[in-house]
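Following: one structure in structure tokens, then a few remarks.
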Amino acid sequence: MVQIRLTNTRTRRKEDLVPIDPQNVRLYLCGPTVYDRAHLGNARPVLVFDVLVRLLNHIYGADHVTYVRNFTDVDDKINAEAQRRKTAGSPLSLEALINERTAETIGWYHADMDALGAMRPDHEPRATQYITQMIAMNADLIAKGHAYEAEGHVLFDVRSFPDYGKLSGRSVDDMIAGARVEVAPFKRDPMDFVLWKPSSGDLPGWDSPWGRGRPGWHIECSAMSAALLGPHFDIHGGGLDLQFPHHENEIAQSCCAHPGEGFANIWLHNEMLQVEGKKMSKSLGNFFTVRDLLDKGIAGEVIRLVFLETHYRKPMDWSEERRQSAERRLSKWANIRRNALPKDHRPFDKADIDDQVIEALANDLNTHAALTRLYEMERAAKDAGRDQDIEPVMRFFATLDFLGFTKLDIHQQQRSNSVSEAVSDVLDNGSLVESLLTARAEARKARDFARADAIRDGFAAAGVDVKDTAAGPEWSLATGFDAGRLAELARNFGA
RNA sequence: GGUGGGUUGGCGGAGAGGUUACGCACCGGAUUGCAAAUCCGUGAAGACCGGUUCGAUUCCGGUACCCACCUCCA
């Protein structure tokens, strides 16, 4: 069996993954707070874990892996948006508006992550479904002397947990020295954090031993991971920005509530995303969502490929150049599939997946090394395709399929979203393009190359890709397709 | 100020104390009416300073620069 090695943030070393129970490998990823569309950076931990889960499924069997990713649907930003809608004149209750907001955001999130080829987790718990468990956990922490009540709040007492700060390599004293936060007067220690806070009447709240209130930010992950994976599980992950305070606080809560259990064995943190070499931020104007890219006609698998080209523990840059490079690569794969993979090929089997790709991934999810191996396989598949040898082709596409590259269609989004239905109808029966191709073929036959080239250039200007193959011309829509120019082209050449 | 990470050819990016990483782009050639696609091939590197070594991009020390977190942003 292939040994998976992962860099554990907790120990800062690459370690063997030794499952607590190989019959049930358990992992938890901190999911989104569902107040708005997922931005591009949100996609990174999802894709990192997607690759990890695919690898675990391959090695341990999909029935022996449990993947949990939560939705945090209690949050001040959600409340703010609901209140904004209420103020704007919505007749719905604030509670209904909150539900409306979180439901639509979860729907968007699913659609966007699906487009990236990310598999859905086994469980996607929502914080609001686990309020009871959070209240119980808070009560338990108070009973064990790790938390205290003050002015309607429940606070975690960081001084009661000697390991506080270990994950992120900080001492409580250092953090206090550099803290820039206002310290609430009722805290025993400035670093104490909120487990429960009171809610006023116009905010969502639940009855608790400490009055009507709502949970603090970190407790939901401790409660949900314990409920679905138990107090001791294998892997816990998220973006590097969650290392402190979120994960540090989770560890404090969970370890104090379940002493001796150990919580997560391995902590995995992905580095941050940059855009054209700069931090993505609203103020720099380079902030965008996954949906923004999809709507521009960039295929989800293009985004996926760009992400997999960078190791998860390095800062990743999203750039126009990398986007183009990934599109070219996917187009090549699509060409090879069309030319070399029989339509009636047998189903891909686990045995078809390349061992070297698995080994690369097992080595701390070295996706870039896996892709490098894939380029070798691409070459073999191309050569084999010419010789009518199916096996290297099968292995190549089975491995691509395993890595989540199944559509290999960089124009799919364009066809499904951006093109208006009327134009889409025309294109679906292909009348305009087909008749123009015929006109060009006739011109070439008559050796009227000026006319033939004019049509070809017209296609390019209208955003239609045309390739002449041995089997005749093939066409597809490119990014920037312009139906008007295509119609004009058809008029000019009498097609 | 505290903590952690990084600096490899135009771009992305890896392993290894000594042998071409690889991919993209570029350039040259083949093919094509011209393109595209495809095929063949060349060139190009490891922030800076010192140390260890027969030999370092790879180990050690220092310097510079960059990034992130310490602010309920993955």
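In what follows, chains carry the letters A, B, and so on, assigned in the order in which the sequence lines appear, proteins first and then strands, with residues in each chain numbered from 1. What you see below is based on every heavy atom in this structure, not just the backbone, and it leaves out hydrogens, waters and symmetry mates.
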Aromatic plane relationship, His146(A) with Phe156(A) - under 30° parallel, 30 to 60° tilted, over 60° perpendicular: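 Parallel: the ring planes of Phe156(A) and His146(A) meet at under 30°.
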Could you check which of rG4(B), rC24(B), rC70(B) has an atom nearest any side-chain atom of Arg12(A)?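 Nearest nucleotide to the side chain: rG4(B).
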In terms of side-chain heavy atoms of Leu273(A), which of rA35(B), rG10(B), rA74(B) is nearest? rA74(B)
Test side chain to side chain donor-acceptor pair (under 3.5 Å) applied to Thr399(A) - qualifying residues, sequence neighbours left out: none
Distance-only polar pair, side chains of Asp192(A) and Tyr148(A), donor-acceptor under 3.5 Å: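 Yes, because at least one side-chain N or O of Asp192(A) sits under 3.5 Å from a partner of the opposite role on Tyr148(A).
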Report yes or no: do Asn79(A) and Tyr35(A) form a side-chain donor-acceptor pair below 3.5 Å?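 No, Tyr35(A) and Asn79(A) have no side-chain donor paired with an acceptor closer than 3.5 Å.
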Is [X] salt-bridged to [Y], going by a charged N under 4.0 Å from an acidic O?
X: Glu376(A); Y: Arg379(A); result: no
X: Arg329(A); Y: Glu378(A); result: yes
X: Arg69(A); Y: Glu124(A); result: yes
X: Asp364(A); Y: Lys14(A); result: no
X: Lys445(A); Y: Glu442(A); result: no

Assigned glycosidic conformation for rG46(B) [threshold 90° from 0]: syn
Taking only the [atom1] atom of each, what is the distance from [N] to [M] in whole angstrom?
N: rU71(B); M: rG12(B); atom1: C1'; answer: 33 Å
N: rG17(B); M: rU57(B); atom1: P; answer: 14 Å
N: rA21(B); M: rG9(B); atom1: P; answer: 13 Å
N: rC24(B); M: rU53(B); atom1: P; answer: 43 Å
N: rA16(B); M: rG61(B); atom1: C1'; answer: 23 Å
N: rC11(B); M: rG2(B); atom1: P; answer: 33 Å
N: rG13(B); M: rG50(B); atom1: P; answer: 30 Å
N: rC59(B); M: rG46(B); atom1: C1'; answer: 16 Å

Among all residues two or more places apart in sequence or in another chain, which pass the salt bridge (charged side-chain N to carboxylate O under 4.0 Å, His left out) test with [X]?
X: Arg120(A); answer: Asp114(A)
X: Asp234(A); answer: none
X: Arg440(A); answer: Asp468(A)
X: Arg395(A); answer: none

Given rG13(B), is OP1 or OP2 found less than 4.0 Å from the side-chain N or O atoms of Thr310(A)? yes
Would you say Lys382(A) places a side-chain N or O within less than 4.0 Å of OP1 or OP2 belonging to rC39(B)? yes
Between the base of rG33(B) and the side chain of Asp453(A), is there a donor and acceptor pair under 3.5 angstrom?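 When only heavy-atom distances are counted, Asp453(A) does reach the base of rG33(B) through a donor-acceptor pair under 3.5 Å.
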Side-chain donor/acceptor contact of His311(A) with base of rA14(B) under 3.5 Å: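 A donor-acceptor contact between them is absent.
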Any base atoms under 4.0 Å from [X], or only sugar-phosphate, or nothing? Heavy atoms, all strands.
X: Gly41(A); answer: base
X: His269(A); answer: nothing
X: Arg313(A); answer: nothing
X: Lys445(A); answer: nothing
X: Leu29(A); answer: nothing
X: Arg322(A); answer: sugar-phosphate

Report the distance from atom [atom1] of [X] to atom [atom2] of [N], rounded to the nearest whole Å.
X: Leu305(A); N: rG13(B); atom1: CG; atom2: P; value: 13 Å
X: Glu378(A); N: rC24(B); atom1: CD; atom2: C1'; value: 12 Å
X: Tyr312(A); N: rG5(B); atom1: OH; atom2: C1'; value: 13 Å
X: Leu365(A); N: rA14(B); atom1: CG; atom2: P; value: 13 Å
X: His247(A); N: rA74(B); atom1: NE2; atom2: P; value: 11 Å

Quick test: give all pairs of protein nitrogen or oxygen and nucleotides 20-23 of chain B nitrogen or oxygen below 3.5 Å, distance rounded to 0.1 Å.
| unit_1 | atom_1 | unit_2 | atom_2 | d |
| --- | --- | --- | --- | --- |
| rG23(B) | O3' | Arg329(A) | NH2 | 2.5 |
| rG23(B) | O2' | Arg329(A) | NH2 | 2.8 |

Could you give the side-chain donor-acceptor pairs of residues 447-460 of chain A under 3.5 Å, partners two or more places apart or in another chain?
| unit_1 | atom_1 | unit_2 | atom_2 | d |
| --- | --- | --- | --- | --- |
| Asp448(A) | OD1 | Arg451(A) | N | 3.3 |
| Arg451(A) | NH2 | Phe493(A) | O | 3.4 |

Strictly below 4.0 Å, heavy-atom distances to any atom of RNA chain B: list the hits from residues 212-225 of chain A, or just say none. Trp217(A)
Name the stems with RNA chain B in them: runs of three or more consecutive Watson-Crick or G-U pairs, distances under 3.5 Å?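 Stems (3+ consecutive pairs) listed as B:1-7 with B:64-70, B:10-12 with B:22-24, B:27-30 with B:38-41, B:47-51 with B:59-63.
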Given Arg37(A), which of Asp292(A), Thr105(A), Asp112(A) fulfils the side chain to side chain donor-acceptor pair (under 3.5 Å) condition? Asp112(A)
Give me, pair by pair, the N or O atoms of the protein and of nucleotides 66-68 of chain B that are less than 3.5 Å apart, along with how far apart they are.
none

If you assign Asp383(A) and Gln243(A) each to the RNA chain B nucleotide with the nearest heavy atom, which residue ends up on the more 5' nucleotide?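 Counting from the 5' end, the first nearest nucleotide belongs to Gln243(A).
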Closest nucleotide of RNA chain B for Arg444(A) versus for Asn366(A): which of these residues is on the 5' side? Asn366(A)
Nucleotide N/O of nucleotides 40-43 of chain B paired with protein N/O under 3.5 Å:
| unit_1 | atom_1 | unit_2 | atom_2 | d |
| --- | --- | --- | --- | --- |
| rC40(B) | OP1 | Arg379(A) | NH1 | 3.2 |
| rC40(B) | OP2 | Arg379(A) | NH1 | 3.3 |

Tell me if the NZ atom of Lys166(A) is crowded by more than 12 foreign heavy atoms within 6.0 Å. no
Please table the atom pairs, donor to acceptor, closer than 3.5 Å between any side-chain atom in residues 303-311 of chain A and protein atoms at least two apart or in another chain.
| unit_1 | atom_1 | unit_2 | atom_2 | d |
| --- | --- | --- | --- | --- |
| Arg304(A) | NE | Leu403(A) | O | 2.9 |
| Arg304(A) | NH1 | Asp50(A) | OD2 | 3.0 |
| Arg304(A) | NH1 | Leu116(A) | O | 3.0 |
| Arg304(A) | NH1 | Gly117(A) | O | 3.1 |
| Arg304(A) | NH2 | Asp50(A) | OD2 | 2.8 |
| Arg304(A) | NH2 | Leu403(A) | O | 2.7 |
| Glu309(A) | OE2 | Tyr375(A) | OH | 3.3 |
| Thr310(A) | OG1 | Arg322(A) | NH1 | 3.2 |
| Thr310(A) | OG1 | Arg322(A) | NH2 | 3.1 |

